[in-house]
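Indexing begins at 1, ligand by ligand and atom by atom, following the structure's order. If you read the sequence from its start, that first residue is 1, and numbering goes on from there.
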Amino acid sequence: MLGLMQNWPLTVDKILDHANRWYSGREVVSRSVEGPIVRTNYADIHNRAKRLSNALLGMGIKTGDRVATLAWNTGRHIEAWYGIMGIGAVCHTLNPRLFPEQLVYIINHAEDRIIFTDLTFLPVLEGIIDQCPTVEHIVVLTDESELKNVTLRCKGKPCLAMESLIDQHHAEVVWGGFDENTAAGLCYTSGTTGNPKGVLYSHRSNYLHTLVGLQTDVLGLSARDVILPVVPMFHANAWGIAFAAPAVGSKLVMPGSKMDGQSIFELLETEGVTFSAAVPTVWQMLLQHLQSTNSKLTTLKRVVIGGSACPEAIIRAFGDDYGVDVTHAWGMTETSPLGTISRPTADVEALGPDEVIPFKLKQGRAPVGIELKLTNDEGRELPHDGTTFGRLKIRGATIASAYFKQEGGNILDEEGFFDTGDVSTIDQYGFMQITDRAKDVIKSGGEWISSIEIENIAAGHPKSALAAVIGIAHPKWDERPLLLVKLREGQTSTKEEYLAYLEGKIAKWWTPDDVVFVDDIPLGATGKIDKKILRQQFESYRLPTA
Ligand code: AMP
C-alpha cells in the first residue's frame with residue numbers, strides 16, 4: 001500500500017522561493033569583484049535570478065543543457081546558480097585553480113553552452129576559449145561599463161554583461177515543475193588519477209543534502225545566523241551553504257575574491273558574522289592575522305573546518321584564545337559534500353573538556369541520511385575499535401551512484417556503497433578518523449602506515465612550513481616512509497632534529513627512513529598536497545636503508 005501524502009518534488013528552486021516569501025529582506029552582502037561591498041537581499045536575488053532564467057531561455061537553453069560558472073562567492077554567483085537550476089539546466093561549477101588544459105577538458109566533456117564568469121578570469125578564458133567549441137556565449141558577472149576594454153570574443157561575439165541581461169528581461173518565468181531527479185549541478189573531482197570525473201547532482205540530492213546539513217549537529221544554521229562561506233561555490237558546492245542559508249533565512253556574507261586574513265577579518269567584524277566555513281589554510285591565515293594585529297573576534301561563534309585534516313593548533317587557538325567552537329567535517333565532491341561531522345555525543349561530552357579534543361580532531365560521525373562502513377581490501381567489514389584501519393565506504397541519497405557519462409564504469413560495491421578512496425578507523429563511539437588516502441597509505445611489511453598522521457605531526461614542528469610523507473620502494477619492507485619538509489623562511493634544520501621530534505609521537509616502526517628538506521611541496525587545484533607529483537619527483541630516490 002502506498003502512502004497518501006502529496007508528491008511535492010524536491011527541487012532547489014523551492015528553496016529560493018521560500019527565502020523570497022519568508023525572509024525577503026534578509027541581507028546578502030558581497031565583497032564585489034569590482035571592489036565595493038554590495039548589499040542585496042533574498043527578494044532581489046530571487047527576482048534577478050528569475051530574470052536571468054528568462055535570459056537563458058532566450059539564448060535557447062533547455063532542460064539538461066550545461067551552463068558553467070567560473071566565479072567567486074558573490075550574490076551574483078548565487079543568482080546565476082538559481083537562474084540556471086530553476087529552469088532545469090545544469091549548473092557546472094568550474095574550479096579556476098585547475099590548469100588550463102584541465103579546464104578545457106572538463107568544459108568540452110560537459111559540453112557547456114554558456115560560461116558565466118568574473119572579470120578576474122577573463123585572461124584564463126582568453127587562453128582557452130578557442131579550444132572549447134561547444135561554448136556559445138560568455139556572460140561576465142558585471143555591468144556593461146566594465147566590459148568597455150574587454151577584447152575577449154566567443155565565436156566572434158563580445159562578452160555579455162550579466163547586468164544587461166537582467167535589465168533586458170522580466171521576472172515572469174516558471175521554475176521547477178520537472179522531476180526531482182532532474183540534474184541540477186555538475187562538479188568535476190580534482191582528478192588525482194586519470195581524467196577529472198563529473199559528479200552530477202540532482203535537485204532531489206541537493207534538497208536532501210540541504211536538510212542533512214541543517215541538522216543541529218551538522219551545520220545547524222538558523223534564521224539568526226550570519227554566515228560567511230569562505231569555502232568556494234566552485235569546490236564541492238560551498239558545502240551546500242548557498243542552499244542551506246536561504247532555506248532558513250540566514251544572512252549571507254560573500255567574500256568575493258579576497259580570502260586573506262585581513263579581508264576575512266574585516267567582513268567577520270563589520271557584518272557580525274556568527275558562523276563560517278573554510279579549509280584549514282584559510283583559518284591559519286586568519287589566526288596569524290589576529291595574532292599579529294592583536295585583534296579579537298567579537299561575533300563569531302562557530303566555524304566548520306574540512307577539506308583536509310584540521311590541526312589541533314587551530315581548534316585550540318579558536319577555542320582558547322577567541323571563544324570560537326570548531327567543528328571538523330569530512331566530505332568529498334562525490335558526497336555533495338557533507339559526509340561526516342565531529343560534534344560530541346552525550347557520552348563523549350561526559351568524558352570532560354580535555355578528553356573531547358581528540359574526538360574533535362577526528363572527522364566525525366555520520367548524520368542521518370548517510371551510511372558508512374569500513375572494510376578490508378576483500379570487502380569484509382572491519383571492527384569499530386578506533387585502531388583497525390580500512391577502506392571507508394559510504395551510501396545515501398546524497399552520494400554519487402556513477403560519474404557523468406559513466407566515466408570509470410560502476411563505482412558502487414554489491415551493497416551499493418561508494419568506495420571513498422579514503423582509509424580510516426571508526427571508534428566505539430562511532431567517530432570516523434581518516435588515516436590516509438588509499439593510494440597514499442604506505443604498505444610496509446604487510447602493515448599499513450598512515451602518511452597523513454606522520455605529516456601532521458611533522459607539520460606541527462615550529463620550523464615547518466609544510467610537510468609531506470610518501471612511500472618509497474624498499475627491497476625488504478616493500479615500502480618505507482620518506483618525510484619531506486619545507487622549512488619556514490630563514491630556518492635550518494637536520495634529519496636528526498625531525499626524527500627526534502617524531503619520537504614517542506608515532507609507533508617506532510613508522511619512523512621515516514629519511515628526511516629531505518625541499519624548497520617547495522606541490523599543491524593541487526584544491527590546495528591539497530599533490531602526492532602524485534611528489535612521487536614522480538622522488539621516483540628514483542634511494543632510501544639510505546635500502
Ligand atoms: P574533494 O572531492 O576535492 O573535496 O576531496 C575529497 C577528499 O578530501 C576526501 O576524500 C579526503 O581525502 C579529503 N578530505 C576532505 N575532508 C577532510 C578532512 N576533514 N580530513 C582529512 N581529509 C579530508
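A salt bridge links Asp413 with Lys373: the closest approach of a Lys/Arg side-chain nitrogen to an acidic carboxylate oxygen falls below 4.0 angstrom. The pair Lys443-Asp478 does not meet the salt-bridge criterion, since no charged nitrogen lies less than 4.0 angstrom from a carboxylate oxygen.
Residue contact check: His235 has heavy atoms under 4.0 Å from atoms 1 (P), 3 (O), 4 (O) of ligand 1. Counting atoms of ligand 1 from 1 in the listed order, those under 4.0 Å from a heavy atom of Thr333 are 1 (P), 2 (O), 3 (O), 4 (O). Within the listing of ligand 1, atoms 18 (C), 19 (N), 20 (N) sit less than 4.0 angstrom from a heavy atom of His328.
Residue Gly307 has at least one nitrogen or oxygen atom sitting less than 3.5 Å from a nitrogen or oxygen atom of ligand 1, judged on distance alone. The distance criterion of under 3.5 Å between nitrogen or oxygen atoms is met by Ala309 with respect to ligand 1. Of the N or O atoms in Thr420, none lie within a sub-3.5 Å distance of an N or O in ligand 1. The distance criterion of under 3.5 Å between nitrogen or oxygen atoms is met by Ala329 with respect to ligand 1.
Aromatic rings from Tyr201 and His209 are positioned such that their centres are separated by 6.0 Å or more. In this structure, the ring of Phe116 has its center no less than 6.0 angstrom from the ring center of His77.
Within the structure, ligand 1 has Ser308 among the residues with a heavy atom less than 4.0 angstrom away. By the 4.0 Å heavy-atom criterion, Thr189 is excluded from the residues contacting ligand 1.
With a 4.0 Å cut-off on non-hydrogen atoms, Met332 touches ligand 1 through its backbone as well as its side chain.
Taking Glu334 as the reference, nothing meets the salt bridge (Lys or Arg N to Asp or Glu O under 4.0 Å) condition, with sequence neighbours excluded.
Residue pairs meeting the side chain to side chain donor-acceptor pair (under 3.5 Å) criterion with at least one partner in residues 342-360, sequence neighbours excluded, are Asp325-Arg343, Asp325-Lys360, Thr327-Arg343.
Other residues, nucleotides and ligands place no more than 12 heavy atoms under 6.0 Å from the CH2 atom of Trp477.
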